[in-house]
Asker: 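Got a structure here, written out as structure tokens. Questions coming.
First the proteins, then the strands, lettered A, B, ... as listed; each starts at 1.
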Number of protein chains: 6
Amino acid sequence: MLLHLSTWQEVEAYLQQSQGIILPIGSTEQHGPTGLIGTDAICAEAIARGVGEATQAIVAPTINVGMALHHTAFPGTISLRPSTMIQVVRDYITCLAKAGFSKFYFINGHGGNIATLKAAFSETYAHLEDLQISNAQNVRCQVANWFMCSSVFKLAKELYGDQEGSHATPSEVAVTQFVYPEAIKQAPLSPEVRTGHRIYSAKDFRQHYPDGRMGSNPALATPEHGQQFYELAVKELSHGYLEFLSTE
Amino acid sequence: MLLHLSTWQEVEAYLQQSQGIILPIGSTEQHGPTGLIGTDAICAEAIARGVGEATQAIVAPTINVGMALHHTAFPGTISLRPSTMIQVVRDYITCLAKAGFSKFYFINGHGGNIATLKAAFSETYAHLEDLQISNAQNVRCQVANWFMCSSVFKLAKELYGDQEGSHATPSEVAVTQFVYPEAIKQAPLSPEVRTGHRIYSAKDFRQHYPDGRMGSNPALATPEHGQQFYELAVKELSHGYLEFLSTE
Amino acid sequence: MLLHLSTWQEVEAYLQQSQGIILPIGSTEQHGPTGLIGTDAICAEAIARGVGEATQAIVAPTINVGMALHHTAFPGTISLRPSTMIQVVRDYITCLAKAGFSKFYFINGHGGNIATLKAAFSETYAHLEDLQISNAQNVRCQVANWFMCSSVFKLAKELYGDQEGSHATPSEVAVTQFVYPEAIKQAPLSPEVRTGHRIYSAKDFRQHYPDGRMGSNPALATPEHGQQFYELAVKELSHGYLEFLSTE
Amino acid sequence: MLLHLSTWQEVEAYLQQSQGIILPIGSTEQHGPTGLIGTDAICAEAIARGVGEATQAIVAPTINVGMALHHTAFPGTISLRPSTMIQVVRDYITCLAKAGFSKFYFINGHGGNIATLKAAFSETYAHLEDLQISNAQNVRCQVANWFMCSSVFKLAKELYGDQEGSHATPSEVAVTQFVYPEAIKQAPLSPEVRTGHRIYSAKDFRQHYPDGRMGSNPALATPEHGQQFYELAVKELSHGYLEFLSTE
Amino acid sequence: MLLHLSTWQEVEAYLQQSQGIILPIGSTEQHGPTGLIGTDAICAEAIARGVGEATQAIVAPTINVGMALHHTAFPGTISLRPSTMIQVVRDYITCLAKAGFSKFYFINGHGGNIATLKAAFSETYAHLEDLQISNAQNVRCQVANWFMCSSVFKLAKELYGDQEGSHATPSEVAVTQFVYPEAIKQAPLSPEVRTGHRIYSAKDFRQHYPDGRMGSNPALATPEHGQQFYELAVKELSHGYLEFLSTE
Amino acid sequence: MLLHLSTWQEVEAYLQQSQGIILPIGSTEQHGPTGLIGTDAICAEAIARGVGEATQAIVAPTINVGMALHHTAFPGTISLRPSTMIQVVRDYITCLAKAGFSKFYFINGHGGNIATLKAAFSETYAHLEDLQISNAQNVRCQVANWFMCSSVFKLAKELYGDQEGSHATPSEVAVTQFVYPEAIKQAPLSPEVRTGHRIYSAKDFRQHYPDGRMGSNPALATPEHGQQFYELAVKELSHGYLEFLSTE
């Protein structure tokens, strides 16, 4: 059930059955010469919808832009500052919690979002308690990173070994190829790609990772791989979501 | 050209040709018993992509959640506070302006966004001048409300007369029916629907507009109407965008 | 009744009769070679006091500085950023709403304030509901722009035609001449004055409107006209205020 | 020279002669049963204009609302939060400093403003250095409290002794009587009035000072006293302003 | 009783006896060629602990970094902006007030903190009332500046006369020598040191006070003096704290 | 070299040799019936100073209060909100970066700080680039969590097995016993202690972990263990710091 394709009365009815909601969150950022700028949002959205179908959960509109300040030296990247993103997440959860939702499951496609999301959850719990809304104490948020699912991780290791890398990875590129086969890109990739340098400022990032990849070889990706990753992630996160809902 | 389906190198090439970008912005809010919660985002996104195709412009990911605080007494509505939304818009434009974009054309699907968007533009112009980025003085933003296109307005008047109303209108519902025919909703609509009360707080809104409609009869909408509205809006806004680009 | 010339006990007594308050809001910004920097505040204050007398309403101190970032390339302009102004308006209304006021009628002298005021109202309604103050749901705010009164608009058209323009207009200059005859200014005005360029950044504004006027010929203004505008605005807005108070 | 009665070209000319500006700042707060809610703004404005005339300085529009949170349990009081007021002051100074002003002399009528003003000055100096505007290093701000002038203090002691008190004082009430003789109020004042309790929250304030006075007997005030205070303050602050301007 | 060396159960027991807490606050800023960067925090912490012992009060961890923007042109200085510090103080007090503390006694070692602390107190009182926590009305905060104790002031005058100065004073340096005899510094001090220039921006400060001292001769300090100052301050502030607690 | 025991001239000299600085950061939060409220700050400070000595690095004053909102249902806990902490960290780094520091090594004693610290680093890198300070691109920040050192982790496993738990752990309690042997606490600990429930709101935390421990048995701690942990952490983090400094 997709929130944006529902009516408020359908949401009202849903809340009689469940107080859980899935929120896909991605990023709009460079993903190397062949990766789509929307990669993280595309993956999160597709997988979230798969989980929503599998679990009868409602799925919120995708948060397309996340915390990607370190990619902003590449054109096309859009990022919120962490302080902005905390307010955004707070606003989302506050509206939904007032309406009766209490279990917020963020299916996340971007490692750079994790820290700010967790900070936002803490900020929001305290805010809801201050508002004294009736279900404040029951509100729970969780980040579920599809790319860190153990089944996904295992397959990526099998298929790509070290060439999985840590940004613009073949696994995420594969998922976008599965979702948008019409948007598969070709571009020359230098065989050598740097790895191991931590992430600091945007300019430092671009200096160390001049084409945007971090140790990855996205040329290995195929739409078929993408489908496999998609299915593994949906299965594992569906399990995760149901477990999250059932936690006392 | 869709930003999220492009690579950063494609964006770099695009910027050699144009510094314009189209940003669809909608809302996630109740639209009466038969209107989709995502109506405003759906319309803005579809029309923005149509304009993008017609004008060879790049289209950013849709801002799905806008300023809809007055709808938050209905479940399913998500809203940013205006102060949050100003920071979000500032962050979007700042990232893109640093990369070289200078003409920001927001195709908007929600009347409630207009004031905050305009406030955000003012805030952002001053911020960019403070940052002393090279093209600060050239940055220009515009809100283009598809539902206020004269051709759209005229057709709505012809088709629906007074039953167009001002929220959950048949014209916007029609566009969503055209875009998502699989999500056409049926529900009883009381023949009498209030109109003319201004918008204040969320609770006041729901008290005066108990099913969420403001003077509208969305039962009049058809997917065929939706296509007509879509085409008119794309045509008129394509013209508007090109004019915006060419303004000295 | 002027708030600043009242005692708190008089306000307490007033609140037994009425929960309405009039807040004049202007701007401190360039108004061309002959227009006063305080034009928008002067007009709003004078008219608001006239309305206050006519309707027995209490009138708050004038908000002299508003949102005029686009005029800041001219010396003497002072502006709040929109994000600041939202907090200011929120603080004003919150204090007064806690004391029992619930109908806030902003008589506004500056077009540039409108968007931010509306954003501030939305922010404030939500804030008051969060505070759970007893009359939160009843709080209502309205912007009444004296220069958009139909009677004012009509007279300006009759007197000045196209030379009314859209900034440093003869109508607003006339009102200031009526209020401050001792401060009527003379300066050479180039017969040609630009019009039609939208408002973006401060530098862009000054580049396109080098003497600060937007299509206007303030040399047409007279104190007698000013009195006429003043009287029309007071009459129309007095009616508007009473209607606002009486809205169920 | 009053900023609001000047044109931008007159300001431009002024800046060739002087970079100083006087900013009156008051408050909108209860002043006991007979004191005007606008007392602090009225005094600051009148005295600032007197100083402006005596020193040929430009005088900005009065900041009518300051930091008076502790008075908000009395109806009619309006206050900014300190965090809001810091942004307001920052915005004022930033606009004016960019235009070339560098000496900001705040003539203040309210003790409760002092701390926040000083905090705002510190915030602003750092902000201006961050903006790298050309005269950032030369910007200097000063609070001049008319009621703390030694000549004023001495006269108040002579005229009123201990009955001067510390809020709704006869000296400030006298100045308002001099400025607005038409608004002299009469009300019974209990002969005993509390003193010596520090200022904490708004509710605590009202509990300890139930009619709003702090140890003062404003019944002693006369318009003639007001004129004396006015003249002493203008003289002493005119000297202070010139000294401030001339400091190397 | 030191908060950081206590358990939460000990705090719970303490709250049965007292709702008072002492919060030392200093600064991390240059103190001339021989003064320690931590001087203000060291003094505040040592004296606060002495007061805590004398009065059986609980002492919070020291706020080491305060408002020292004007010292930031010297390396090693760390400062919060006033707007940040207000939030910090608000967060501290809110946590502790929710737990039951209501009397907050800040023992302060830095003149530059006073204005921002007072602004923060006002902001916090209003915030606590908005939160509607049970003891909001009883919360009281006070700044106690050890260096302004009359006994301290008198001794400094006797020992150093005019050479006490106003920053990097021999009295505060003496206290640090008493607390950290192993960190007594020697460096050539120019016999002439400027005085009397007010504090504006960081660069202006360094230009006028090139070695960081303001009219002081810290070479006069001895650890024995430090002990005397320490004992006087502890005695006077212990009295002050108990009086603060007992105020009805 | 401790920053607070240094002079600004010593810092200036240090910066000729190194641009690195160690910042201990802890928390002020409940640590179960026998753990000190200052545990996280105590451990971070002691280990940071050890690392400072071993590597000749300068050590900043300890940030005593961090992000511990989830512990605030226990008295004595003090927490910053994440949005506040981001501003605090931004202010610290900005001051120090302007002075010439560029390598910021945060030795952290509290898991709850990690997300907000990382968010703050991202916010700060972007801020410094906006300020255009000369070394913005070189600024690098790292969180080093002493309790996640592999050597520490291994020893904890050997000594305590599963009874290490995840809050109020015997390892951290042991370090505080080593540092403050005079503050070793005794209290009855229920043999059964819950584990495995994630962290959400403060009230939820206390409900699930009623005495504050999360799966730990701090009764196993000894000062001798503490010394071992201390030495392992100092050694491993000294290596980590030097590696951080030397990274190209």
Asker: So, for B/A115 and C/A119, which heavy atoms are closest and what is the spacing to 0.1 Å?
Answerer: CB-N, 4.2 Å
Asker: Just checking B/K103: does its NZ atom have more than 12 heavy atoms from other residues, nucleotides or ligands closer to it than 6.0 angstrom?
Answerer: yes
Asker: Is atom CZ of C/R194 surrounded by more than 12 heavy atoms (other residues, nucleotides or ligands) closer than 6.0 Å?
Answerer: yes
Asker: State, to 0.1 Å, how close B/E129 and C/K203 come at their nearest heavy-atom pair, and which atoms those are.
Answerer: OE2-N, 3.4 Å
Asker: Is there a side chain to side chain contact (heavy atoms under 4.5 Å, CB included) between C/Q137 and B/Q207? Walk through the geometry before answering.
Answerer: CA-CA 10 Å; C/Q137 191 175 339; B/Q207 185 181 316; 2.7 Å; yes
Asker: State the OG1-CD distance between B/T116 and C/E123, to the nearest 0.5 angstrom.
Answerer: 8.5 Å
Asker: Can you tell me which portion of B/F244 sits under 4.5 Å from chain C's heavy atoms? Options are side chain, backbone, both or neither.
Answerer: side chain
Asker: Starting at CG of B/N138, measure out to OH of C/Y200 and round the result to the nearest 0.5 Å.
Answerer: 12.0 Å
Asker: With a 4.5 angstrom heavy-atom cut-off, is it the side chain or the backbone of B/A126 that approaches chain C, or both, or neither?
Answerer: side chain
Asker: Please determine, among B/H208, B/M67, B/K118, the option with the most heavy-atom pairs under 4.5 Å with chain C.
Answerer: B/H208
Asker: List the atom of C/L69, the atom of B/S122, and the distance in Å for their closest heavy-atom pair.
Answerer: CD1-O, 3.5 Å
Asker: Does anything in residues 73-101 of chain C get under 4.5 Å of chain B by heavy atoms, and if so which residues?
Answerer: C/R81, C/P82, C/S83, C/I86, C/Q87
Asker: Which is it for B/F121 and C/H70 under the side chain to side chain contact (heavy atoms under 4.5 Å, CB included) test, yes or no, and what are the steps along the way?
Answerer: CA-CA 11 Å; B/F121 295 165; C/H70 46 299; over 6 Å; no
Asker: Side chain from CB out, backbone as N, CA, C, O: work out which of these in B/H127 comes under 4.5 Å of a heavy atom of chain C, or both, or neither.
Answerer: neither
